[in-house]
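Notes follow the structure.
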Number of protein chains: 2
Amino acid sequence: MIEKKLKQQKQEQDQTEEKNNIFQVAKLSGVSIATVSRVMSGKAYVSPELTNRVKKAAVTLDYHPNRSASSLRKRVSKTIGVIISDIENPFFTSVIRGIETILYDSGYSLFFCNSDEDPKREKTHLSNLRAEDVAGIIWTPTKYNNEFCKNLVESGIQLVAIDRSPGMDHMDSVTVNNRKGAFEATSHLAQLGYQRIGLISGPKQTSTSIERLEGFKEAMLYHNLVLDQKLIIYSDFRQTGGYRAMQTLLELELPPKAVMVSNNLMTLGALQAIHECNLKIPDQIAIVGFDDMPWATSLQPSLTAIAQPAFDIGTTAAQLLLERLKDPTRSYRQVVLDTKLMVRTSCGSKKNLVIKSIIET
Amino acid sequence: MIEKKLKQQKQEQDQTEEKNNIFQVAKLSGVSIATVSRVMSGKAYVSPELTNRVKKAAVTLDYHPNRSASSLRKRVSKTIGVIISDIENPFFTSVIRGIETILYDSGYSLFFCNSDEDPKREKTHLSNLRAEDVAGIIWTPTKYNNEFCKNLVESGIQLVAIDRSPGMDHMDSVTVNNRKGAFEATSHLAQLGYQRIGLISGPKQTSTSIERLEGFKEAMLYHNLVLDQKLIIYSDFRQTGGYRAMQTLLELELPPKAVMVSNNLMTLGALQAIHECNLKIPDQIAIVGFDDMPWATSLQPSLTAIAQPAFDIGTTAAQLLLERLKDPTRSYRQVVLDTKLMVRTSCGSKKNLVIKSIIET
DNA sequence: TACAAACAAGAAAACGTTTTCTATACAATA
DNA sequence: TATTGTATAGAAAACGTTTTCTTGTTTGTA
């Protein structure tokens with residue numbers, strides 16, 4: 001008997017402290033849940049009087065519509081997924097900041113994933129995001145993963161590829177003119193009079209890496225310089241990789257007089273190797289990096305580098321995605337942003353070099 | 001005619017590629033949806049045979065349970081929110097990586113927000129995350145925001161504060177022993193014989209900044225060094241701030257012989273200012289940074305710095321949160337991690353300094 | 001042999017929304 | 001007056017899960 005009473009009491013308590021859902025609001029304001037929903041979303045005919053009552057009740061109860069239920073019913077959530085291949089790379093960090101800025105303004109939340117350049121991890125993340133019912137995904141493809149992302153596209157999720165070309169036309173993408181950037185960096189060295197120019201390249205499969213390599217080769221050709229395969233080292237876009245690559249270059253019987261490094265982290269490694277050999281920059285070796293970084297100006301000498309519009313890549317990608325969500329039939333766009341050569345002191349000046357070459361010869 | 005056929009074909013395709021939900025799997029494997037659910041979650045009696053059939057069907061259809069539906073039914077979402085004050089700071093980047101690593105392993109998704117050190121933005125993010133029904137939140141508090149986060153705690157969301165003390169006991173937190181770190185860094189300089197030691201400090205209100213300042217002062221006292229208020233500059237934890245602060249120090253009639261910089265970005269700025277004045281490190285000025293960074297070893301000379309276990313802060317915070325989600329009644333923990341002095345060459349060696357001081361006097 | 005305990009699996013309810021369907025009332029038009 | 005249209009709002013269905021309830025079927029034990 002007492003037990004029964006207790007149970008009843010408990011139930012009543014549950015009722016009062018029950019999470020404030022749409023029923024509570026409906027009850028308090030004396031309307032149906034449909035009306036509450038209509039008031040909350042604000043896109044249907046509801047009389048001013050009821051609107052008022054509902055709004056008041058919602059405030060009183062501190063009611064916030066459950067997003068899971070909403071997503072489930074609407075079959076789309078106000079969230080977008082972002083898959084970044086290396087969160088510790090400042091380049092991607094700026095990209096994320098760009099994305100976040102735009103999404104924040106338009107009321108979207110951001111699911112963040114780090115793929116660590118691992119296609120398996122990437123796939124898991126993509127699956128999760130799909131299960132999460134995200135409205136769209138912005139990602140850096142680790143590989144030409146055609147079948148899988150074709151699948152995704154067909155499942156109705158909008159994708160925007162950033163930084164790397166996904167290797168398919170029917171997708172929005174935001175990339176950088178890597179070829180042109182690499183061409184400019186290499187030309188800069190050539191114009192300063194350097195002839196034996198080395199390249200620390202990224203992985204052979206990654207599109208950014210390939211394009212930068214092409215730009216390098218084109219520039220060498222354009223300036224009538226010898227393309228010595230020994231001076232091209234393929235590495236992994238990571239600091240230790242750049243370190244080892246530079247060591248390899250410096251151990252050659254005829255090491256390069258200048259070197260272009262294909263991304264920011266490898267540049268750090270390369271610098272480390274140069275310093276360990278006690279070589280003077282730019283007198284003994286000139287260096288130009290791909291991807292400008294906050295620390296570039298803090299180096300001694302400051303680093304000449306190709307600046308990528310990382311923040312803009314992020315904002316552009318986010319905007320592209322939002323546009324597509326508004327109009328899914330829109331034709332696909334491949335946006336290519338320009339790089340900018342930031343000339344500082346790590347390559348020396350022409351005058352410098354002329355003197356140097358006189359001494360050398 | 002052909003058009004009609006195409007349309008029909010399309011419809012058929014739609015039918016086949018229809019979102020694979022639990023019913024599809026049930027149908028294909030010839031069991032009830034309950035059984036499918038049981039197999040997927042793996043925590044109920046299902047015969048090996050049916051288990052097999054279901055698993056096979058799930059793989060065939062590439063079935064992934066809908067997270068919204070699951071969250072709705074289970075009344076708990078498998079997501080946690082992360083609010084970072086400055087995504088472009090590599091320190092926080094490592095923290096995020098730590099968090100992501102743990103969450104990935106336990107199947108949680110991560111809502112990412114960037115507060116940009118703006119309390120208003122922070123509040124908006126916190127509200128959004130609550131509306132999003134996240135299971136918990138990991139954040140870097142921008143200010144002692146007591147009333148609001150008290151509110152949040154009461155609404156049942158689990159909070160873990162990182163990097164900075166939130167100024168309240170009833171909350172899990174992961175911070176770093178800033179005082180000890182600053183003490184060690186300063187002591188390092190003192191032990192090398194430096195006497196006029198400057199400090200580029202962070203904002204006066206931030207807890208990390210305050211603690212590092214305290215550590216600095218304690219070390220000065222401990223080593224019987226004069227604490228000259230002119231040598232303490234308060235700045236903003238940003239690169240340009242560090243740059244200006246260092247300029248201010250160098251313009252003094254009696255500039256410091258060594259300086260400790262209270263965070264990584266300001267260190268970059270300080271280095272820039274030093275290079276612009278053509279001062280030799282460490283001969284003319286020694287520098288020790290708070291927060292070790294990838295570029296520290298690439299500098300010439302390499303930077304001596306206090307390393308913070310950024311990655312560990314992330315993993316610890318995530319683990320703390322997961323534990324609390326499992327057992328919400330657990331008592332609150334304040335974890336304080338240790339820093340580590342990474343001695344490189346930017347402060348010189350004792351021998352060096354002795355010689356230098358002989359020459360100077 | 002009887003009966004409880006454990007195993008197995010389907011039916012159905014529940015989670016909190018959004019939206020379609022339906023039913024009013026009332027004004028405007030023919 | 002009859003009819004159409006529109007504003008308003010409730011009832012009910014639907015979204016895709018998880019879990020309780022229910023019903024059998026084995027297995028083990030007294």
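Reminder, nothing fancy here: chain letters follow the sequence lines and each chain counts from 1. As the structure is a prediction and not an experimental result, all values here were calculated from the model.
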Axis-to-axis angle across the helix from C:dT1-D:dA30 to C:dA30-D:dT1, five pairs each end, nearest 10 degrees, ~ 50°
Under the 3.5 Å rule, do the base of D:dT17 and the side chain of B:R73 count as making a donor-acceptor pair?
-> no
In whole angstroms, how far is the [atom2] atom of [N] from the [atom1] atom of [X]?
| X | N | atom1 | atom2 | answer |
| --- | --- | --- | --- | --- |
| B:K27 | C:dG10 | NZ | P | 16 Å |
| A:N21 | C:dG16 | CG | P | 5 Å |
| A:L72 | C:dT19 | CG | C1' | 13 Å |
| A:F23 | C:dA14 | CZ | P | 11 Å |
| A:K43 | D:dT8 | NZ | C1' | 19 Å |
| A:D133 | C:dG16 | CG | P | 19 Å |
| B:R67 | C:dT17 | CZ | C1' | 20 Å |
| A:I22 | D:dA14 | CD1 | P | 18 Å |

What nucleotide among [options] has an atom nearest to a side-chain atom of [X]?
| X | options | result |
| --- | --- | --- |
| A:R75 | C:dA9, D:dC15, D:dT18 | D:dC15 |
| A:S47 | C:dG16, D:dT8, C:dA9 | D:dT8 |
| B:A34 | D:dT19, D:dT17, C:dT18 | D:dT19 |
| A:K74 | C:dG10, C:dT18, D:dT17 | C:dT18 |

Would you name the heavy atoms of B:A135 and B:V76 that are closest together and state the gap between them?
-> CB-CG2, 4.4 Å
Which atom pair, heavy atoms only, marks the closest approach of B:L126 to B:I83?
-> CD2-CD1, 3.5 Å
May I ask you to say what B:T35 touches in the nucleic acid, namely base, sugar-phosphate or nothing, with a heavy-atom cut-off under 4.0 Å?
-> sugar-phosphate
When all nucleic acid strands are considered with a 4.0 Å heavy-atom cut-off, which category describes A:I33: base, sugar-phosphate, or nothing?
-> base
State whether B:S70 places a side-chain N or O below 4.0 Å from either non-bridging phosphate oxygen (OP1 or OP2) of D:dT17.
-> no
Per nearest nucleotide of DNA chain C, the residue lying toward the 5' end, B:Y45 or B:A69, is B:Y45
Distance (rounded to the nearest 0.5 Å) between B:T316 OG1 and B:L321 CG = 12.5 Å
Kindly compute the distance separating CZ (A:F112) from CD (B:E100), expressed to the nearest 0.5 Å.
-> 5.5 Å
Per side-chain contact (heavy atoms from CB on, under 4.5 Å), A:I162 is matched among A:L320, A:V174, A:V335 by A:V174
Are a donor atom and an acceptor atom from the side chains of B:T175 and B:S173 found within less than 3.5 Å of each other?
-> no
A:D86 and A:N114: side-chain donor and acceptor closer than 3.5 Å?
-> no
